[in-house]
Structure formats: structure tokens, C-alpha cells
Amino acid sequence: MSSSTPRSLAAELDVMGPSALRRASSDAAAMFAADVSGAAPGMIDPLPAVITASEWDDLYAGLVQRARLLDALYSDLYGPRTVFGSDVAPTAELLEDPAYLRTAVGIPARGSQRLFALACTVARTADGQWRVIEDQVDVPHGAGFALEMRRVLSRCAPGLYRSTELRRLHPFFDRIRTALDLRGRADGGSGRAVVLLGKGEDPLLTFDHHWFANLLGAPVVSATDLRTGSGLLTLRVPGVQADPAEAVDTLIRLAPSQQLDPLDLGPTPLRGVTGLVEAARNGDVEVVNPLGAGLLENPALREALPDLCRQILHEDLQLRSPATDSAPEWSTALSLDPAGGKRPVQRPVTLRLLVLAGADDYEVLPGGVATTTDDAPTAVKDVWVLVPETATAASDEASPAAVTRSTLPAYPAMTRSIGADLFWFGRYLERVDLTSRLLRTVLDTTNDLGSERGTTARTALGVLLRAVTDVTTTFPGFHQVDLKDPEEVHTEITALLTAVDRPGSLAQSFDSLAHTTRTLRDLVSDDIWPVIARMRARIRTLGQVDSQPLEPALTDIIDGCLTLSGAITDSMPRNLGWNLAETGRRIERTLGLLALLRATLGHRRHDEAEARVTQAVAVITESGASYRRYYHAAVQPELLLELLLADATLPRSLAFQLEKLGASLDRLPESTPSPELRAPLSSLRTRVTGWSPRDLLQPASTAGPSATALLDETSGAITSLRELAGALEDVYFRPTESTSPWGFDDV
């Protein structure tokens, strides 16, 4: 790294001043947390780690040589194994390493390069020598993190990025994506590549892997989205049986080798793809990085690399590891003062850089992430690679005309697991919205009726509180709470807002919504991540003793749901994924409406209490304005019910939901019409067609003196909807995955 700051950058730093730099750091951290759904691994420092063009040439050559060496070592260790017969290799340590997968020996290569990706952590000594601290070969990562750092900092400190000419990152992935396509087509394949993720719960790692897949233009799959047969690896597509035309040519694995095939590698938490090793051995699918690549991370092998390089490549190793018996003095980079001082300081850093296989040779991403290594709190930085002063950035990057253009095959809209996530994303979005509206209205009603002493207020409030339990299915809830005790009522409301482990609570529904969203990163707009972050922060304040009143917080959450809905509507392609998400939303909104009507209008009460309850239902369903335009009268149960059941122009009416639900189902792929899908919706439509608001509100003697016919009718309709939801899962998501692991259907 350069020991001096480029003049243009230094001038911009003087213009910004310490306050603006600190503000940029804070803004970048907030934007990063919103995008990643998790905090950065340290303070985000807007001051970059700068690598000059000449320094980059030396580092680039050394990293490419290292990738070639490790590639040659893998080919030998899992091929002829001649290296074991030499005195140079640490044979005993390699044979004893559990990362050495003997079942992977003999798997054929496709092309001249076995390794596809290599992540190296490097640092520079004070005397200018680059050293490799760590090689990450089995599951390399860092591409998404590097792109995110560049994105957030270029937005929060744009003046810094305008000041200095540096190499861009996206053209690198354009070339790699083309090379990956050609690699998949090498043996006459379609070039189809997919990215297999592991079971990691680290949001930063998950974000990085999804970004990487997006940059490569390959869909993300889970192990249960894939199956083997006749030596082929194929995708399971929602509602369609995979055939040889949908075979996968390249599997980019971002999961440990040992977790990929339970048949040949043993049972794992990931479950893996049974028969994957055999499919790779047949040569019909290439797994990259190849199985067993983790052996190249062996510490003893790293120490032997200089001798192995001379033996295998007949070259001196350019990038060596630091000596184990002494700690070198590392070069530093200009950084914000961790103690809060106004003047920048020099701090030692390590750089994580990514090497990928290109069309003819390995290429190094011209940027990365730098991490401070001193005893002060960790900071992370963008890595800048400067353009030579005598050239332009375009001279070092492939021009559009130089890039090989090819027509990629049309991928399926998504895999079964992603389809399930989209379906449940739609359902949980509606669930969070309805729960927030219901609780806000109950709180408003409590404030309005709390000072009244008559039975009307107590009756109306009791109906609405028990409706909260019935709609959210958080039983026993308010059915066992003393509604005359404000303390007990407050405790139950707080639990409904904050109990993540309580199915049906607002916190649990939002947590599940955010969980499904993480898996859809390459399918939805980037603008939704700040919304998710704000909603998460708002929900966390609900349980705080000294927080503001709950009503404004619930309003913010409702606003977040509206923003999410708008972002999805305006940015998502109208394909299978959209239809599944839309189907989930319509099913959930219909279930919520029916449950709300059942809980509030399923029994008759005296007129004053019924008027209060009906007014609350109009607020929850956003139908008050429409009611006032249609009916010049006070809100009455029969008229409101007519509006909510039959008005197909009202976005929250039953008629509107059924129309949209039917249209979504019609767009889903079916080889033949599925009776299990059509029958529940047909039954529901038939039932609803015969409904009359006046008849629904008539007493039903079989269910008690105050019960109405609405109770049995809505129960039957809810049963039909649940049958439809189950049939959708059977047809489009099972047997791969019955549903998202966090999904449940009890509303």
C-alpha cells in the first residue's frame, strides 16, 4: 500500500474536514447495516487503503501465480498424487487432514483450471514486501462485501471518489461472468450455472454470497432444490418436473465440501445432494471450487509452498507467508483516529482480495476490503487500486466490444425453495401489516373508551381485545386475561408486540418476514433493505420501558409495510416469483379479513357497542372513506359487511382478494389443471356468492343465543383457504421443502 496519499485525495480530505468524515462513517455504517441486515465487522472508515498502479502490478502477478500453484497442487493431490512421493510436500499432514476427501480423487477436470475462486488475506511489510496471511479456498468470500463497501462509501463520501481515478469493480465481474458461461458450454452444455448456499446464519456472509451470485448472474439454490439421476444434476422447479433440458452444468458451491453429498461424504446438517459426487465423476456437472479444495488451506502446506512452487512451476514464489518465529512490522494506511481525534492517523491493515478464473488465466478483483489489525477497535476500509497516470481506466478494462457476447439460456423463474420464500414473504408482509393495524386501532379505541364507565365501552373494548387473539391466533391471550385489569391488558399487548418466540406476535411475524427477505436479495429491489432496517429498529423499541407511545411506532411499521408493498410492486418482474408472492399476499389478506369479521361481527350485541366495534373494523380495513362516500349514514354492521364482501373496487374487500387470487393462480405453471388447486377456490367462490349481509347477521340458534350465521360461514371459508394454501405447497414446494422452515399456517 502506498505510504502517501494521492494529492487529489488529500485535497478533498482537507475540504471535507474531520466532522464530515465522521458523519460519512456514521452514514455508511447505517446504510451498510440496512443493506446487510446486520452490523459491519467494525467501524466503516471512509479513508481508503490505496494501492498504486505499480504496487498493484506486483501484487497482481503474485496472486495470479499463487492461484496457478494451488490449482496445480489440487490437480495433483486429487489426480496422480506425485507430490506425495517428493521430500517437499508435508505428506503426513495432508493425509491426516479431514479436508482431504478421498472420494473426490479422480473426478475429471473441465478445462485447464480446477480452482474457480481464491480469497487471499495479504499485508505489506514496512520494507515493501507483500505477504499472504491466509488462503481461503474451500468457501472463499469477499466479493459482495467489497462491492457493498464501495457502494455505501461512494454514496456517503462522493467527493472522495470523484477526487481520484481508480479502477472500477463491475467490469471485472462482466468478464468473469462471460468466462463462466464459456466454461459451462465447453463440453456442449447449455452454460447453466447455479450457486449453492450453505446453512450459515451470519447475515454478513449470507449477504456476501447472495451478492456474489448476483454478480455472476446465477440463481441461488439450496441443496433440496437439486436432484441427481442418470448422472445428471437437475433443478427442481416449482410445479414443473425437471427434465434433461434443465440440467445444471456448473455448481458454484458456497458450502463446505463435506456437506455436499450425504451418500459419499456422510450425513451433514445441510443434508446435501445425494449422488452429487457421482454426477461430478461422470463429468456431467462441474463443481467449483472442486470438492476437497479445503485441503489447500492446510497450514503445513502453506509453509511448503515456496519449495513446491519451484518444483511444480519452476518459479520462485512471489508471495510468501510471514515467518512463524517473528512478527514483521506491517505497512499502514491513513485512517480515522479510533480515539476520536480530529487528524487522521496511520494504522496497520490487512487486505482481503479475490482471485477468480477468467477466460484464459486468473484475474484479481481490483479492490477489496481492508481491516485494521492494531489493538484499537477494528475498522474496515475500501481498497483503492489507482489507474496509472499515463493511462486511462478504460485501457485496463475490457471494452464492451472486446467482451464475448453470448445468449444465455432462459433460467427457470426460481427454485422451489425460493418460490416458497416468496410465497411466505407475501403472507408475512400481510400478517405484519394486519397485526399492526389491529393493535393500533385497539390502542386508539382503548384511549377513546378508557375514561367511559358504561357497559358499552367495556363491551366494545372486550370484543376488540379478544379479536386480537382470534386474528393473530396467539391463544389463550385475551380470552384468559382480566380485561378490567389495565396492567394485565398492557402485559399481553406488550407480549404481542415483542415476543419473538410466540407464533403470531408482531415480532415473530416481522422476524420471519425479514428472514425470508434475506434469501431473496437478488430478486427484489435494493431499496427495501433500509425499510427492513427501520422497521426492525422500531420493533425493538416497542418493549422498552422509556419508549414513546406505542401508537406512533405502530404507524411507522404500517408505513414500512406500505413502502415494502410499493417497492415490490414497482420493481419485481411479473414472473412466477411475482405470482407466488402475490398469491401468498391474497391468501393471507383474505384469511385475516375473514378472521376479523368472524371475531367482531360473529355475535350480536346491543346497538351502541356494535356501532363502536363496527367503526373500529372500518378503520382496520381502511374502508371508512369508501363507506362515507357510498352510504350517507353512520357506520352500520350490515352496510359495512356489504362493502367489505362485495365491492370489487375496494383493495381490502373479499371480492377484490378473490379476483386477484384467481388471476394469480391462473398464471402459475401447470402441466394440467390441478383439481387440488381449483377445488378449494371454486368451493370458496360458491360459498361467497351465496352470502347476503342481512342473512349473515341473523342469529344462528345452534351456536348460542347471540351467535350469527357469519360464524359458521366464515369458518368454512377459512377452511377452504387453508386447503388451497396446503395444495399450493404440495404442488409447487413439496417434496423439496414443504414450506420455509419458519412458516406456519394457523391464522
Non-hydrogen atoms of [X] and [Y] that approach each other most closely:
X      : Y      : result
Asp421 : Thr516 : O-CB, 3.9 Å
Ala193 : Ile252 : CB-CD1, 4.4 Å
Leu422 : Gly577 : CD1-CA, 3.4 Å
Leu115 : Ala293 : CD2-CB, 4.3 Å
Ile532 : Ala514 : CG2-CB, 4.3 Å
Arg416 : Asp225 : N-OD1, 3.4 Å

[X] [atom1] to [Y] [atom2] distance, which is reported to the nearest 0.5 Å:
X      : Y      : atom1 : atom2 : answer
Glu676 : Glu723 : CD    : CD    : 11.5 Å
Ile620 : Leu597 : CD1   : CG    : 10.0 Å
Glu430 : Leu513 : CD    : CG    : 10.5 Å
Ile539 : Ile557 : CD1   : CD1   : 4.5 Å
Phe656 : Arg652 : CZ    : CZ    : 10.5 Å
Ser626 : Leu650 : OG    : CG    : 4.5 Å

Requested in this report: Please test Leu576 against Leu668 for side-chain contact (heavy atoms from CB on, under 4.5 Å), starting from the C-alpha separation and ending with a verdict.
Outcome: CA-CA 7 Å; Leu576 175 58; Leu668 295 179; 3.7 Å; yes

Listed by chain and number, what are the salt bridge (Lys or Arg N to Asp or Glu O under 4.0 Å) partners of [X], not counting sequence neighbours?
X      : value
Glu363 : Arg175
Asp208 : none
Arg540 : none
Asp666 : Arg678

Compare all side-chain heavy atoms of [X] with those of [Y] and state whether any distance is below 4.5 angstrom.
X      : Y      : answer
Leu580 : Phe425 : no
His209 : Val220 : no
Thr415 : Leu235 : yes
Leu260 : Leu196 : yes
Glu729 : Trp424 : yes
Ile176 : Phe116 : yes
Leu251 : Leu226 : yes
Phe510 : Thr435 : no

Requested in this report: Decide yes or no on side-chain contact (heavy atoms from CB on, under 4.5 Å) for Val36 and Thr206, but give the supporting numbers first.
Outcome: CA-CA 8 Å; Val36 175; Thr206 300; over 6 Å; no

Taking the side chain from [X] and the backbone from [Y], do they hold a donor-acceptor pair closer than 3.5 Å?
X      : Y      : answer
Gln657 : Ile587 : no
Tyr732 : Pro669 : yes
Arg253 : Asn289 : yes
Arg110 : Asp249 : yes
Ser653 : Asp647 : yes
Ser505 : Gln508 : yes
Arg589 : Pro651 : yes

Query raised in the report: Does the gap between the ring centers of Phe145 and Phe32 come in under 6.0 Å?
Result: yes

Report task. Starting from the C-alpha separation in whole Å, work towards a yes-or-no answer on side-chain contact (heavy atoms from CB on, under 4.5 Å) for Val277 and Leu263. Result -> CA-CA 9 Å; Val277 172; Leu263 180 64; over 6 Å; no

Query - Derivation and outcome, side-chain contact (heavy atoms from CB on, under 4.5 Å), residues Arg236 and Val221 - result: CA-CA 10 Å; Arg236 295 180 185 269; Val221 302; over 6 Å; no

Query raised in the report: Do Arg177's NZ or CZ and the ring of Phe173 fall within the cation-pi criteria of under 6.0 Å and 45°?
Result: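 No, a cation-pi geometry is absent between Arg177 and Phe173.
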
Query raised in the report: Can you list every side-chain hydrogen bond (donor to acceptor under 3.5 Å, both in side chains) pair that touches residues 554-572, not counting sequence neighbours?
Result: Arg440-Thr555, Arg538-Asp556, Ser565-Arg585

Query raised in the report: Does a side-chain N-to-carboxylate-O contact under 4.0 Å join Asp181 and Arg192?
Result: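 No, Asp181 and Arg192 are not salt-bridged.
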
Query - Asp382 and Arg150 ion-paired at < 4.0 Å - result: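 Looking at Asp382 and Arg150, the cut-off is met.
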
Report task. Could you verify whether a donor N or O on one side chain and an acceptor N or O on the other, from Ser664 and Asn579, lie under 3.5 Å apart? Result -> no

Report task. Verify whether one side chain among Ser715 and Arg598 offers a donor that lies under 3.5 Å from an acceptor in the other. Result -> yes

Report summary line: Residues passing the side-chain hydrogen bond (donor to acceptor under 3.5 Å, both in side chains) test with Asp261, sequence neighbours excluded, are none

